[in-house]
Amino acid sequence: MGTVLDYSNNRFSFIPENFGKCLRETSYLDLSKNRLNGHIPTSLCIASELEILDLSYNNFSGLIPFCLTQNNLRVLKLRGNRIQGELPDNIRQGCMLETVDLSNNYIAGKLPRSLSDCRELRLLDVGNNQIVDSFPSWMGPLPKLRVLVLGSNQFFGTIRSLPENARITNHFSSLQILNLASNNFSGNLPEGWFTEVRSIMATDNDVGQAIGYETKSQKVFYQDSITITFKGLDIVFTKILTTMKVIDVSNNSFDGPIPKSIGKLVALHGLNMSYNNFTEQIPSQLGNLSRLESLDLSWNHLSGEIPQELTSLTSLAWLNLSYNNLTGRIPQENQFLSFSVNSFEGNPNLCGSQVSKKCDNRGSSSTTPRADHAKSNGLWQDRHDAILLFTFVGCGFGVGFALAINVLQFFRKDGCNCRDPSSAAGAAFTSNHTLPPSVRRCLPDQESALLRLKRSFTTTNYSISAFRSWRIGTDCCRWAGVQCSGDSSGGRVTSLNLGDRGLEAGGLDPVLFHLTSLKYLNLAYNDFNRSRLPSNGFERLIHLTHLNLSTSGFSGPVPIGINKLTNLVSLDLSTSFDIIELITDGFLSYSDAQLSIWFVEENIGNLVHNLGNLRELHLGYVDLSNNESQWCNIIATSCPKLRVLSLPWCGLSGPICNSLSRLHSLAVIDLQLNHLSGLLPDFIANLSNLTVLQLRHNKLQGWISPAIFQHKKLVTIDLYQNLGISGNLPNFSYGSRLENLDVGSTNFSGTIPSSLGNIITLKKLGLAATGFFGDLPSSIGNIKSLSILEISGKEIVGPMPSWVANLTSLTTLRFDNCGMSGPLPSFIGNLTHLKELLLCDCGFSGEITSLLSNLTQLQILLLYSNNFVGTIELNFFRKLSDLIILYLSHNNLTLLDGEDNSTLTSLPTFFILGLAGCRMSKFPNFLRHQDQLSRLDLSDNEIHGAIPQWVWENLNDLDKLFIGNNKLTSVGYAPFLPLQLQILELSNNIFEGAIPIPQGSAGVLDYSNNMFSSIPYNFSYHLSDVGLFDASGNNLSGNIPLSFCSGTTIQLLDLSNNNFSGLIPSCLMENVNGMQSLNLRENGIHGEFPDNIKEGCSFEALDFSGNSIEGKLPRSLLFCKNLEILDVANNQIKDTFPCWMSAHHRLAVLVLKSNKFFGQVAQSPHEEGNACAFPSAIIIDLSSNNFSGPLPKDQWFKKLASMIFRGPLTSLVMDHGVPDSFDTYKYTTSITYKGHDTKFAQILTTLVFIDLSNNVFSDVIPKAIGELGLLHGLNISHNSLTGTIPSQLGHLRQLEALDLSSNQLSGKIPQELASLDFLTTLNLSDNKLVGSIPESAHFSTFSNSSFIGNDGLCGPPLSKECINRTLPNVVPHHSKMSKDIMLFLFAGLGFGVGFAVAIVVAWGIPIRKRF
């Protein structure tokens, strides 16, 4: 009994199946600090003896299992994972929990009130989550609660004192650590509340014991740990002593005076009340806190003098009273003389030696004897300083005088003329603040280093210009871009600015690190040719304050030495880029460097943890993806002085942490183009210095507070393309500084306020959110400064508003996905400053007016998906010489190519061209001259024949080619194309022969639904990486090429619906190249599955259905921990039910139908529980096999959690994002649904389905099926089931199809089934059912075929009528009373109806019959 298992601090990545069964005698289990992921195994709940469970610092996600809070655990520690959802509120009475640490997760909702049953609770830490709740006063009676950490959440409201008549005598009486920091608490702190915290008032002789727990077996002593802000630092205490007593209420909105009763907490060690709105004086009672070591009252509105009583705090080691309104003399006794200016800055009316500001006679207003003594002490100190000053001045004068006499005598003896300006001495004495040449000139080693650095750059016109002044023998301190120090160590280079000089080099020469006095280094906007920075050397530049390597073509890891530059104020490692939005197809990016070049920082903490002086951090396009969600807290903790946080396009994930609220100097937050999720924190609106909030293209969610839009300093608010956020625009008052406001592509809704016209500074207005409705306010037309206007909304109808004509400064006009219609208004031609005109997916009609030719500055013209008609000749675009992007797709237009070569060559040079659905029958001839074309869309036309050879030879910059849905027959080039294409989309044509292979890497290669017959041999030599390779629906035959395994890395491979034969290549299943989806559906593959899958398998979806595969399922599939879909239908597999696959906690689709599976399903006691549980399953299809025995027990069905409730973060469609593309690859499946074999082109997560038909199952239908409330389809037909139909099936409110036919079911049809309103397909035929068919409006819609073959059934829709049965002879004693009551009720009912009819007739109101 009492086994201790400690696996902490390793790299374990998964927990074996059935692990819980091995823990039956385990009391202590520590799996902390590993790499475990997925859901927390519910099998842990089996361990009935488990007292201490530590799973902290892993990557667990999902919800906290309900069962964990219902066993005998004393310690539950889940700190530092990714757990989400709400806390289970099912804690039972008699709860044994003593420590609950759930900090640093994504937990939302409220604290569970059932925690009040945990009378043994000593520690509760839920810090750094997303909990929204009020202060838990209900936890006050817990007698042993010592530590309560609620910091960095979204708690709100006031803290109220107990009523005077309250009978509670112990309210938080044992509390020793209280952390409420970084929440939304407000109001006054009540005086009476602190008098209840008796443990901090105690002055006993506690020697300090660690809070911990010994297991019952006494084999181990477990100590609690905690992270708190103490003495200005976030400190991890690996053990909590009973003497450690701390209160932290910082970063809230508390106001009013500081309670004097805090002075009674004489055992307090740390008090932090900073960053609130406290007013009035600092209570003198704080001087009673004799054990206080840390006091932080900074950033409030405190006034008056610093109480003299605070000088008695002789244990005080850290004090911060900065940024208040304090006045008078700073006390000069004891500890106060040891505090620096940082403790008092931001109080302009304070004086004293600490702030180097003398106090006048009125410097202290205190009249107490002690204060007078302090005053006299201060005056004496000033006088003493003056005496010392004069003494040293006198000594200096004497020494200088004597030295000068000696020098003059020396020069006289040598016959030197001291007045000769040509002599060195003369120069030294006669020049006005000019250094002698020997000091002014740069030192030889500095010159040598600079010249060597110059030689490292390639000689070009740019370099010749940049280094023209860099000549040997001249003073390098005067060279262009170079500055030197002017102090006594002059001649050393302190600034080197070579930014934006167009320089080229193969790498950075380490000679740079010889310039060890550098303070400023700028190498931005040059080209270092994808080289890596030297791994060593930066640590030598210890004086560096500004480092700018932006957009310089560097790549690889960020050198570790940069984190030694503790004086850095500005760090810029970014790569600049521009974005062009294409609305329905994501965006295109442009960069001043190639976007395949970037820095990589695996651990942001390694970079910034020493950079405490940093004000600006620019890491745009640095790969930070491996930092997961920790990046935010790390930066907030390491860089407290940060003003600019610019991390666009860094691969960041997770939420925006509450820790950023501590960065009160933040002026710029730029986190666009990442994968940020969660809520936008409310504290953003409280960052008083914030001017830029740039969050476009993320995955943020939740309601946006209107307060953000009313921020007084914000200039930019950009929330574009965050589909999960919502809100309404508030009314805007005059005085707003907003220049850029964009809520496009969000769930913002409501009317657009006319008060937008009050923002006279507005330059960009983005309202392209489809939830907006109503009339567009004409006041927008009064914003003359507006240059960008973007509006969406299907409810915004009518013609384009006439007030748009007033916005003559517009450079971008966008109406998309809207309800507008009608022709283009004539005033469009007057908006001559337009550079972007986007009118997409609306109802605009008519011909494209010639007035567009007036828009000579136009660069982007998107008119796709409207109702424009007519014929367009290419001559139309000749005047638009700046046009680079043109989209005319999906209208009713006909494009005329023209044959005039002069016309073709004088057209604009296009970069992107969209001509899909423009009724073309051949490749436009003008394209042969478009050699800068990057993206071409000719899909959905009628182009036939071969692709012209010049497409492959002339369009050298082509990156994306879409020519699907045409009638093309030949690629027109050899199998290996000369282009490197990111997307090649050839689907739905009539191509024959070999599949064409581009060079390099590709995001999407779609060859589907053609007549290709072969794949080139060794194509992997030409193709390196592919996101999606889709060759489904062709005539490919023979063995599957082994080239798919060698060289080329393919994430998604679809070879379905071809004629492949032979075996599955073992290398494909080995999964050495990280393949995530493999689809071989509907081929002629035979043989057995290879059983060689390696650990770390990355498969998420496997589809082998419709082949001739034999043998068993490979057990090595266990290594595919991320598997979500397995479809092996319609093969010849002979195996038992794969309970072993329950280890795949993410498995959602399991299709085994039409094989030769046999045996029972989940019948042994071992298999009834978690050993055979499929908690994520939404589709289970076991039909048409040889399974026998009873159906799985009730417990098995109860484990189908995803069929019972739907998680809040569940996506609607099961798909996979295609790398480097905005497309998604949608998974498919085929099932028998509503009596038909149906292929679903996409798997909706709302389609929940169980098919156990056509087997040999016997016994009864389990009642627990009725708990699967999300079930849409249930088919158990063609078995040998007996017993009655469970009435619990009537609970399946979402059921659409129910088939129980061809069994031996007996009894009546439960009346409860009549309440299934969504049921559209019902088949109960060929059973032994009896009695009348339930009568309901819904049941009456089913035909005879639903019930035939049940001889004992009667009633509609069957022709057999039911015979009335006689009542039993024995009548219960209350039957007469029941009859009387019924008669009375019916009499009353008749009276009511008669009365109503009379009224209606009397008033002449016609009665309509309702159908």
Side-chain angles (χ1 to χ4, degrees), residues 56-57 59 61 78-84 101-108 125-132 149-156 179-185 227-229 233-234 236 248 250-252 275 601 603-605 607-609 611 614 617 619 624-648 650-666 668-672 674-687 690 693-695 698-702 704-705 708 722 724-725:
S56 57
Y57 299 108
N59 294 313
S61 57
L78 305 178
R79 165 192 292 262
N81 282 281
R82 300 178 180 179
I83 297 166
Q84 57 203 22
D101 188 347
L102 309 176
S103 58
N104 293 285
N105 283 286
Y106 303 121
I107 298 169
D125 189 346
V126 294
N128 284 293
N129 279 286
Q130 300 173 16
I131 298 172
V132 181
V149 180
L150 309 179
S152 297
N153 278 281
Q154 299 176 40
F155 284 90
F156 62 91
N179 184 354
L180 307 181
S182 300
N183 279 287
N184 299 318
F185 289 116
T227 301
I228 57 176
T229 302
L233 300 172
D234 288 339
V236 178
D248 189 346
S250 62
N251 283 287
N252 281 284
Y275 293 100
E601 181 51 73
N603 188 338
I604 188 69
L607 176 62
V608 302
H609 77 275
L611 307 184
L614 206 61
L617 180 61
L619 299 180
L624 303 177
S625 57
N626 284 338
N627 288 270
E628 299 177 343
S629 60
Q630 302 304 316
W631 64 271
C632 186
N633 285 314
I634 291 171
I635 292 175
T637 302
S638 304
C639 307
K641 300 178 181 179
L642 209 59
R643 296 175 183 170
V644 176
L645 177 61
S646 180
L647 307 177
C650 292
L652 298 174
S653 59
I656 299 174
C657 62
N658 288 321
S659 303
L660 286 185
S661 64
R662 298 200 293 263
L663 306 183
H664 290 270
S665 298
L666 266 182
V668 175
I669 298 177
D670 185 353
L671 300 173
Q672 62 179 310
N674 283 293
H675 309 290
L676 301 179
S677 57
L679 304 176
L680 182 64
D682 289 338
F683 71 76
I684 296 289
N686 298 326
L687 295 175
L690 195 64
L693 180 62
Q694 177 60 269
L695 299 173
N698 276 288
K699 300 177 181 178
L700 297 172
Q701 298 174 321
I704 302 299
S705 169
I708 290 178
N722 284 276
I725 65 175

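Each residue takes its place number in the sequence, starting with 1.
- The backbone N or O of Leu676 sits less than 3.5 Å from a side-chain atom of Asn698, completing a donor-acceptor pair.
- Here the straight-line distance linking atom CG of Asn252 with atom CG of Asn686 works out to 10.5 Å at 0.5 Å rounding.
- No side-chain donor-acceptor contact under 3.5 Å links Asn179 to the backbone of Leu150.
- Each of Leu660, Asn658, Leu687 was compared with Pro681 under the side chain to side chain contact (heavy atoms under 4.5 Å, CB included) criterion, and only Asn658 meets it.
- Rounding to the nearest 0.5 Å places CG of Leu680 at 6.5 Å from CG of Leu693.
- Proximity of a side-chain donor or acceptor of Trp631 to a complementary backbone N or O of Asn626 within less than 3.5 Å is not detected.
- Of the possible donor and acceptor atoms, none in the side chain of Asn128 sits under 3.5 Å from a partner among the backbone N and O of Ser103.
- Closest of all the heavy-atom pairs between Gln701 and Ile725 is N-CG2, 3.5 Å.
- Counting only distance, with no hydrogens or angles, the side chain of Asn674 and the backbone of Cys650 share a donor-acceptor pair below 3.5 Å.
- Put simply, the side chain of Asn129 gets close to the backbone of Gly127: a donor and an acceptor are under 3.5 Å apart.
- Checking side-chain atoms of Asn603 against main-chain N and O of Gly605 turns up a donor-acceptor pair under 3.5 Å.
- The backbone N or O of Leu695 lies less than 3.5 Å from a partner atom in the side chain of Asn722, making a donor-acceptor pair.
- Asn183 contributes a side-chain N or O that, together with a main-chain N or O of Ala181, makes up a donor-acceptor pair within less than 3.5 Å.
- Put simply, the side chain of Asn153 gets close to the backbone of Ile131: a donor and an acceptor are under 3.5 Å apart.
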